[in-house]
Number of protein chains: 2
Amino acid sequence: MAVTLADVAREVGVSTAAASMVLSGRYRGRVSEPRADAIRQAADRLNYVRNELALGLRTAQSDTIGFITQQVASTPYATTLIAAATETARAYGHLLIVIETDGDPDAADAAIRDLSSHQVRGVAYASMYHRRVRVPRHAGDGLIILDGYTEDPHICALVPDEVQGAHDAVAHLVTLGHRRVAFLNDCDSVDAAPLRRRGVEMALAEAGLALLPSCTRTVNTRAYAEMKQATRDILTQPDRPTAFFCYNDSTAIVVAQVAAELGLKIPDDLSLVGFDNFTTLIEFSVPSLTTVQLPHADMARWTITSLVTGTPPADGPAPDPGTARYRFPCPLIVRGTTAPPPA
Amino acid sequence: MAVTLADVAREVGVSTAAASMVLSGRYRGRVSEPRADAIRQAADRLNYVRNELALGLRTAQSDTIGFITQQVASTPYATTLIAAATETARAYGHLLIVIETDGDPDAADAAIRDLSSHQVRGVAYASMYHRRVRVPRHAGDGLIILDGYTEDPHICALVPDEVQGAHDAVAHLVTLGHRRVAFLNDCDSVDAAPLRRRGVEMALAEAGLALLPSCTRTVNTRAYAEMKQATRDILTQPDRPTAFFCYNDSTAIVVAQVAAELGLKIPDDLSLVGFDNFTTLIEFSVPSLTTVQLPHADMARWTITSLVTGTPPADGPAPDPGTARYRFPCPLIVRGTTAPPPA
DNA sequence: CTGAAAGCGCTTACAG
DNA sequence: CTGAAAGCGCTTACAG
C-alpha cells in the first residue's frame with residue numbers, strides 16, 4: 001500500500017542500502033552526490049514516508065517516549081505537562097504515547113509493560129502533585145518521575161522547589177513593609193505543605209519576624225466553608241495581619257471573597273499572594289492575583305529532553321548532592337494583589 | 001536483550017509458529033492442549049512481552065491510535081478528552097499517541113505524516129471548541145473530527161448538540177415558572193453561539209414567550225468588565241428578568257457576582273444557568289451552579305471505539321441524515337442556582 | 001496436530 | 001563508491 005524504500009530504490013535504479021543511507025542523511029563519502037540527489041527527488045515525488053515500525057524493529061528502539069499520568073482528568077496541571085511534553089518530543093522528532101492510570105498501581109505496571117513492548121526510549125512518570133510515588137514494576141532505568149519522588153534517591157525525580165517558592169512570596173511581602181503576615185496552609189499535602197511552611201518561616205526569620213500562631217491555620221483547601229471561617233477568624237482579630245500568603249490560588253480567591261465581605265480592599269488594606277499560577281482561576285480575580293508559578297512546563301521539557309538525549313540537560317538545576325533528585329525553581333509572579341501595608 | 005518468541009519456543013522445544021499461535025490465542029485445533037499450557041507457562045516464567053513493533057510491521061497495522069489536539073495547553077476540556085480517550089483505548093488494548101499542534105496547520109500535516117509512519121489504526125482530530133476545521137493533508141479515511149466539523153459532510157465529525165442543550169436549559173427555567181429570561185451570548189463563537197440562541201428561542205416559543213431585546217446581550221465572554229456592565233444593564237432595568245441563561249459557566253459566575261453586588265439572592269431572587277459544566281470553576285460557586293454538560297467524554301469514547309472497531313458504535317446518536325456528522329446530547333445538570341421566580 | 005520457510009520494511013556489516 | 005545479503009521479532013500460508 002504505502003511507498004517503501006524498495007519502491008524509491010527501484011525508481012532510481014539503486015540498492016535499498018543506498019536509498020536508506022541517503023534518506024537518513026548518513027551517506028557522505030558512500031554515495032555520489034548526483035545519485036543522492038536523484039534518490040531524494042524520487043522519495044519526494046513518490047511521497048515516501050519511512051516506516052517507523054520497521055526502523056524500530058531493526059534498531060531495537062523507536063522514536064517514542066512514554067508518558068504515564070496518574071490523574072489527567074481531575075487536575076488542571078495535566079494539560080501543562082502534556083502540552084510541554086508533546087512539544088518537546090516533537091522538537092526532537094519523537095512521539096509521545098500517553099497513558100492515564102487513574103492512580104491504579106496495576107494499571108501503571110501494565111502501562112510500563114505496554115510501553116516497553118513498543119520499545120519506547122524512556123518513560124515519564126507524572127504524578128499530579130508533589131508526593132512520594134511507588135515505582136512501577138519492571139520500570140527499568142529510562143524512567144523519570146515528574147512532580148514526585150521515590151525512596152531510592154538514585155531514581156531520577158523532579159519536584160518544585162516549594163521552600164524557595166514560599167520563601168520568595170513572603171520575602172516579597174516583607175520587602176513591601178509587611179510585618180504581620182498570615183499563612184493559610186493545606187492539611188492534606190504531606191510533602192508540599194511542610195516545605196512551604198518552612199519557606200514562610202525562613203523569609204520571616206530573615207527579617208527578624210516570626211509566624212504568629214494567631215495568623216496561621218491549616219485547613220482543608222477544598223472545603224469552602226472551612227477556609228472562609230479560618231480566614232474570617234484571622235482577619236477579624238485585633239491587630240489583624242496586613243498580608244496573606246495562601247497554600248494555593250483557589251484558597252487565595254476565597255480569602256479575597258472574605259476580605260470583600262469584611263470591607264477590606266485588596267491590595268490597599270490587605271496584600272494577597274497565592275501559589276500555582278492557575279490561570280483559569282486567576283482570570284476571575286480582580287485585581288489579578290500575585291502568585292508563585294509551579295514549574296510544570298519546565299519539568300516536562302527537562303524530562304523529555306533528558307529521555308531523548310540520554311543525559312540530564314545542562315541548563316537545568318543541579319541535582320541534590322549524591323542523588324538524582326532535582327528541585328525546580330518556582331518563580332514569583334507579581335501582579336496586582338500586593339502593595340505596601342496601610343499606614 | 002528482551003525475551004523473544006524464539007526464546008519461549010526454544011525453552012519448550014516447539015516452533016515459533018506454535019508459540020505465536022498459542023500466545024495470541026488462535027491455536028484451537030492447531031496445537032494440543034498440553035503443549036499450549038507448556039508454552040503459556042514458559043512465556044510467563046520468562047516474562048515474555050510481545051514486541052509490538054514486529055507485530056505491527058508484520059501485520060501492517062499497530063495497536064495505536066493517533067490523537068491530534070490543537071490547543072491542549074490553554075483549554076480545560078483537553079484533559080477530559082485525553083483522559084476519556086486513553087481510557088477507552090486501553091480498554092481495547094490500544095495505545096494513544098498524542099500530538100499537540102498548537103493550531104498550526106503545518107504541524108497538523110506533519111502530525112498526520114508521523115502518525116501514519118507509525119501505522120496508527122486511526123486518528124482523532126480534536127478541536128478545542130465547536131468549529132469548522134481544515135482537514136490535514138494526506139489524512140486518509142481513518143480520521144474523526146472531535147468537537148468540530150469540516151466542509152465535506154462525509155468526513156466523520158462529532159459536535160455537541162448546542163440547540164438541544166440551550167433549549168433544555170431554558171425549558172427548565174420556563175417550567176419553574178419564569179417568564180422573563182435573560183440570555184448572555186458570546187460574540188466570538190461562530191458556531192456554538194447562534195445555535196445556542198436558537199435553542200433559547202425555541203424553548204421560549206414553546207411557552208408562547210419571546211427573547212426580549214432588553215434581556216439579551218452579545219458580549220466578549222473573556223472581557224470581565226464588558227460582561228459585568230451588560231449584566232448590570234439587564235438587571236437594573238424595570239421589570240428585570242427573573243432568570244439568566246449564560247453562554248458559559250465563567251459568564252454565569254460573573255453574573256452571580258453582579259447579582260450579589262445588587263443585593264439579589266440566588267436562586268431566590270434570580271435563577272442562573274451556565275453552560276460547560278466546568279467543574280474547576282463551579283467548585284467556587286455557592287450555591288453550586290446549574291449548568292449544561294458538554295459531551296466531551298462521550299465524544300472521545302465514541303471516537304476511539306469507532307476507530308478501533310472500524311464501525312460507529314451503535315449506542316451513540318444517529319448521524320444527521322445523509323452525512324457522517326453526529327450531534328451529541330448535552331445533558332442539563334440541575335444544581336442549586338435555579339428555583340421558581342420570586343412571588 | 002506440527003515445523004520449516006517466507007516476508008513485513010528497514011539498516012548494517014560485508015564483499016566487491 | 002556500490003550492491004547482495006542477513007537479520008530485527010513476529011505471523012501466516014504451506015507442506016507434511
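Every chain is numbered from 1 and lettered A, B, ... according to where its sequence line falls, protein lines coming before strand lines. No experiment lies behind these values; they were computed from the predicted model shown.
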Any [X] side-chain N or O less than 4.0 Å from OP1/OP2 of [N]:
X: A:R35; N: D:dC1; value: no
X: A:S20; N: C:dT12; value: no
X: A:R58; N: C:dG9; value: no
X: A:T4; N: C:dC8; value: no

Nearest whole Å is fine: how far is [N] [atom2] from [X] [atom1]?
X: B:I39; N: C:dC1; atom1: CD1; atom2: P; answer: 14 Å
X: B:L57; N: D:dT12; atom1: CG; atom2: P; answer: 13 Å
X: B:R26; N: D:dT12; atom1: CZ; atom2: P; answer: 5 Å
X: B:R10; N: C:dT2; atom1: CZ; atom2: P; answer: 20 Å
X: A:N51; N: D:dC10; atom1: CG; atom2: P; answer: 17 Å
X: A:H118; N: D:dG9; atom1: NE2; atom2: C1'; answer: 14 Å
X: B:M21; N: C:dG3; atom1: CE; atom2: C1'; answer: 10 Å
X: A:L5; N: D:dG3; atom1: CG; atom2: P; answer: 13 Å

### Query
Want to settle it: does B:A54 or B:A17 sit nearer the 5' end of DNA chain D, counting the closest nucleotide to each?
B:A54
### Query
If you find the nucleotide of DNA chain C closest to A:A6 and the one closest to B:V14, which residue's nucleotide is nearer the 5' end?
B:V14
### Query
Are A:H138 and A:D109 close enough that a side-chain donor and a side-chain acceptor fall under 3.5 Å?
no
### Message
Is a donor from one side chain sitting under 3.5 angstrom from an acceptor on the other, for A:D63 and B:H118?
### Response
yes
### Task
Classify the nucleic acid contact of B:L55 as base, sugar-phosphate or nothing, counting any heavy atom under 4.0 Å across all strands shown.
sugar-phosphate
### Query
Counting any heavy atom closer than 4.0 Å, what does B:A60 reach on the DNA or RNA strands: base, sugar-phosphate only, or nothing?
nothing
### Query
Can you tell me how far CG of A:L81 sits from CE of A:M299, rounded to the nearest 0.5 angstrom?
6.5 Å
### Query
For C:dC14, what is the paired nucleotide under Watson-Crick or G-U wobble rules, both distances under 3.5 Å?
D:dG3
### Task
Determine whether more than 12 heavy atoms belonging to other residues, nucleotides or ligands lie under 6.0 Å from atom CD of B:E151.
no
#### Entry: Ionic contact status for A:R327 with A:D320, cut-off 4.0 Å
yes
